[in-house]
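Accompanying notes for the structure given below.
Chain letters run A, B, ... following the sequence lines, proteins first and then strands; every chain starts at 1.
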Amino acid sequence: MESDLISRVRDLATRSNKSRAACLTPRSPRQHPEGLASVLGSPETTPQTWSRATKPRRRRLTFVVPTTCLLHRARSRHRRAHAVNAAIAVLAVCSLGVACAKPSSPGSATAPSANKGSAIATDTPRSGGRIVYGLEFDANAYVPFVERWPWSAQLVAQAFYEPLATFNDQGEVVPYLAERIESNPSFTEWTIKVRPGIRFHDGLPLDAEAVKMNLDKHGFTNFSPLEPVDHIEVVDPLTVRVVMKRPWAQFPAHLTGQIGNQVGYMASPSLIQADRLDAKPVGTGPFKFDTWVPSDRISGYRNPDYWQPGLPYVDAVEFRFIPDHHQRIAELQAGRLDAMITTYAAILDELPDSERFHVIEGSGNAPERFVLLNTEVAPLDDLRIRRALAHATDRQAVAEAVEHNRARPADGPYEPGSPWYAPTPYPDYDPEQARQLVAEYEADKGPVRIELAGWNSPDGVALQQVLADQWRAVGIDVSLISTTQRTLPVQAASGKYQAMTFRLFDNVDPDEDYMFLHSSSYNPGGAVTLLLSRLRDSQLDAALDEGRASNDPATRKRAYAKVQERLNATLPFIWLYHSQAILITSEQINGIEGAPLPDGSTAMTLVNGRHFFGPVWVSR
Amino acid sequence: MRFVWRKFAQLIVVVLAVTFLSYLMLSLLPGDLAQVKCGISCDQQSLERTREELGLNQPIPLRYVKWLGKAVTGDLGKSGTNQQPITEALQQRLPTTIKLLVFSQLIALAIAVPAAVIAAQRAGGIFDRISTTLAFAGLSAPAYVVAPVLVYLFAVRLKWFPATGTEGLKSFVLPSVTLALAEMAAYLRLLRSDLISTLQEDYITMAKAKGLSPREVMIKHAFRPSTFSLVTVMGLNAGRLLGGTLIIEVIFALNGIGSYIVQGIFSRDYFAVQAGVVVVAVGYVLINFAVDMLYAALDPRIRHARAIA
């Protein structure tokens with residue numbers, strides 16, 4: 001054990017040139033923006049959650065350098081089981097000044113100790129090879145403005161397209177395709193300057209005109225995340241000015257290409273002009289489009305004119321769509337897939353031989369699983385019934401049944417430990433209370449019948465059944481309807497549902513959820529709207545507006561505390577648990593964690609289940 | 001020849017009826033292709049435009065006739081969701097379905113026929129009992145249980161066969177075996193009981209009295225007349241497998257006609273569903289046509305009756 005620990009520490013130190021101070025900075029699972037340290041230090045949001053009791057089996061490591069220091073070590077389930085102990089030990093050693101600040105002997109980097117497998121065989125990336133990913137769903141089109149990509153298609157898009165900005169491991173927005181993104185002091189005008197010399201796969205340059213075309217294409221209506229934008233002007237060949245209708249301090253966060261918010265991805269002007277729904281992806285990404293067999297696979301080959309020198313390392317990528325989680329993991333174990341992605345944490349139970357695999361959990365903000373309620377239709381337009389559902393739902397039991405206890409119950413859109421989390425009263429599991437509320441409603445308006453829609457995946461169906469059982473137990477007549485992951489959001493947007501299991505709120509900056517919560521997204525008369533719950537609350541609006549217009553961490557923290565309070569008072573969502581993207585790769589795949597960004601900082605690992613493909617390399 | 005013409009006329013009527021009914025039913029289902037295609041961030045204006053583009057504003061019979069007119073010339077249109085030409089999608093998917101169908105039937109027959117012959121020879125014997133028990137086990141184990149077990153053993157542990165995909169014949173082994181297992185049990189039971197009853201016929205006694213060996217009696221006299229129900233069931237099964245292997249397709253990530261139709265139904269992709277339905281309907285009629293032909297080959301009396309008619 002002792003020699004193991006020493007070798008761990010030596011190993012960590014070789015790969016981490018970070019200062020000891022950095023090694024000792026505690027981090028919450030969500031990456032905190034700079035300047036929030038004071039908020040984080042306050043006792044109410046103590047981010048360190050070490051004990052097994054609080055985080056039983058699923059654990060995200062919570063230190064800055066541990067992203068490099070520990071996550072490499074913590075790739076397997078077995079290793080993760082020991083990782084917390086190791087982390088404490090490493091910290092102890094660090095604090096004694098033994099290893100972290102000091103680069104260790106050169107030999108240790110190439111000679112990892114035997115019991116760790118060959119997670120990192122060598123630190124020098126190699127060129128060549130091909131990676132095959134197993135994903136859940138295909139998209140209808142790989143063009144950023146045609147449709148909102150389903151969750152797993154986001155990763156595919158990352159091979160062909162790149163965003164203007166991205167999040168670094170400090171939770172800050174840093175330019176990616178852009179060189180600079182700056183605002184005037186009142187946040188009413190933003191200037192975006194792109195890097196010179198970047199070309200799309202079809203040879204056209206990425207210039208100011210292209211940026212303007214891309215952003216214009218998304219429109220500035222209340223269906224677009226760019227709703228606050230008034231117009232966009234070309235300033236010089238590489239610079240555009242984005243003029244806002246009202247102050248928008250968090251605009252750059254929206255250029256990072258988050259789920260449901262693809263405005264940051266730059267597609268070739270030729271794609272935009274053609275305006276064809278069946279267009280093939282043409283971006284600036286490390287891979288050029290090769291073939292696509294819908295629902296089967298999509299592939300790309302190395303872009304020889306890629307703008308980041310030396311990248312990408314691999315020659316080709318292929319994404320195969322395998323809807324069944326179990327089959328994906330079986331193919332990974334059989335060596336026919338190099339990597340697979342899932343949000344179904346229970347799948348890790350099926351990975352017995354985990355020394356041969358890297359398990360990488362998403363950072364940033366874990367998406368929440370919750371029940372979305374249509375507050376415009378009876379009986380859910382009545383707060384008593386929404387309260388009854390909250391009281392009737394045993395979140396712990398749901399997490400146990402569906403995720404085999406690998407997920408933590410949620411009480412809001414942010415996780416405890418997030419800089420934005422504020423403890424907020426939420427109805428406890430109390431079937432008696434629920435029964436009373438249902439009885440009260442029934443005396444008033446008649447029997448309570450609810451149709452609960454959900455995904456037709458195995459975990460989706462399991463989730464629906466657990467919920468139906470719990471709700472039936474308090475006297476609610478529940479019927480179930482299962483459909484595809486693609487159809488659900490559309491039904492939600494068009495309001496053709498009562499209750500629906502859903503997954504959202506995985507954005508790093510809470511302002512990115514604005515369009516799903518603010519009443520300005522609402523369109524009356526049964527029209528399609530992004531305000532999926534149709535709940536309009538003036539106090540919630542005010543808080544969201546405050547968080548959007550300000551750049552002051554304390555003001556924003558207060559504003560989003562109010563958001564959580566209003567959500568839990570009006571209950572458009574029945575919270576279930578925090579889920580997380582999990583990427584499992586074979587031991588040969590490297591470069592996903594701690595990927596370098598063009599500005600010299602390090603990328604946040606697996607934000608919304610995505611990573612950059614340029615720095616990925618194969619060690620066999 | 002008249003028989004063939006009659007079958008052909010039957011085929012046309014069946015295809016027309018099936019396509020029209022499925023068109024009608026899909027149109028009556030709640031949900032909207034325009035909405036699915038236009039996506040979550042689609043405003044009312046672009047929704048109307050999409051609806052127009054897809055021709056969804058026209059009355060159903062008119063839409064159907066238009067579709068039919070194009071389909072006859074081989075233009076099945078484009079998928080309403082991902083814009084892939086439907087003929088291309090069918091070209092990608094039909095081979096998968098046919099391979100799965102053929103392999104599973106071959107595997108099932110290769111095991112069921114010899115086992116049934118041996119079992120019928122000594123009905124009630126030890127082999128009969130064992131094969132009957134195993135057949136029941138095979139029949140009662142659902143595909144979604146068998147498939148993961150096979151995958152674990154042969155894909156994960158032994159690495160003999162891949163667990164998903166359509167590359168090469170190897171990829172079809174596990175799904176075909178999974179499908180064949182249940183079919184095999186049914187075929188075995190069917191052929192065995194038919195053989196046993198045939199073996200009690202007078203002409204078999206006669207053949208035995210002539211001094212033929214039990215093997216000759218079985219192969220030359222008993223086997224052919226006993227395969228009637230087997231051929232019928234096989235025909236029905238094959239038709240069913242054309243569009244009904246959804247569970248297998250999903251588990252093994254095989255993209256066949258079955259999953260194409262189901263995906264189409266979920267996204268209200270009328271054109272895709274229509275095309276899938278046509279393939280299944282045509283296939284069904286053709287297979288049953290082949291079965292009818294086989295009857296004639298198996299039984300001279302049918303040949304004779306058709307010749308008179």
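- Distance check, rounded to the nearest 0.5 Å: CG of A/Asp324 to CD1 of B/Ile247 gives 11.5 Å.
- Of the atoms belonging to B/Pro148, not a single heavy atom falls under 4.5 Å from chain A.
- Taken to the nearest 0.5 Å, the OG1 atom of B/Thr96 stands 8.0 Å off from the CG atom of A/Asp296.
- Applying the side chain to side chain contact (heavy atoms under 4.5 Å, CB included) test to A/Ile298 and every residue at least two apart in sequence or in another chain returns A/Tyr142, A/Val156, A/Phe160, A/Phe289, A/Trp292, A/Phe319, A/Phe321.
- Remark: B/Gln263 pairs with A/Ser295 by the side-chain hydrogen bond (donor to acceptor under 3.5 Å, both in side chains) rule, at least two apart or across chains.
- Contacts of residues 58-74 of chain B with chain A at a heavy-atom distance below 4.5 Å are absent; not one residue qualifies.
- Looking at every heavy atom in both residues, A/Ala334 comes nearest to B/Ala155 through CB-O, 3.4 Å.
- In this structure, CD1 in A/Ile322 is found 10.5 Å from CG in B/Leu254, a value given to the nearest 0.5 Å.
- The side-chain hydrogen bond (donor to acceptor under 3.5 Å, both in side chains) analysis of residues 137-154 of chain B, with sequence neighbours excluded, yields the pairs B/Tyr152-B/Arg157.
- If you tally non-hydrogen atom pairs under 4.5 Å between each of B/Glu88, B/Gln92, B/Arg93 and chain A, the highest count goes to B/Gln92.
- For A/Asn456, the part sitting under 4.5 Å from any heavy atom of chain B is the side chain, from C-beta outward, and nothing else.
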Side chain to side chain donor-acceptor pair (under 3.5 Å) between A/Glu331 and B/Thr164, intermediate numbers included: CA-CA 7 Å; A/Glu331 288 289 67; B/Thr164 63; 2.5 Å; yes

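- The most heavy-atom pairs under 4.5 Å with chain A, out of B/Pro162, B/Ala253, B/Ala89, come from B/Pro162.
- Contact count versus chain B (heavy atoms, under 4.5 Å) is highest, among A/Gln491, A/Gln327, A/Arg328, A/His218, for A/Gln327.
- Contact detail for B/Lys159 and A/Gln333: the closest heavy-atom pair is NZ-O, 3.6 Å.
- Interface residue A/Arg320: only side-chain heavy atoms are found under 4.5 Å from chain B.
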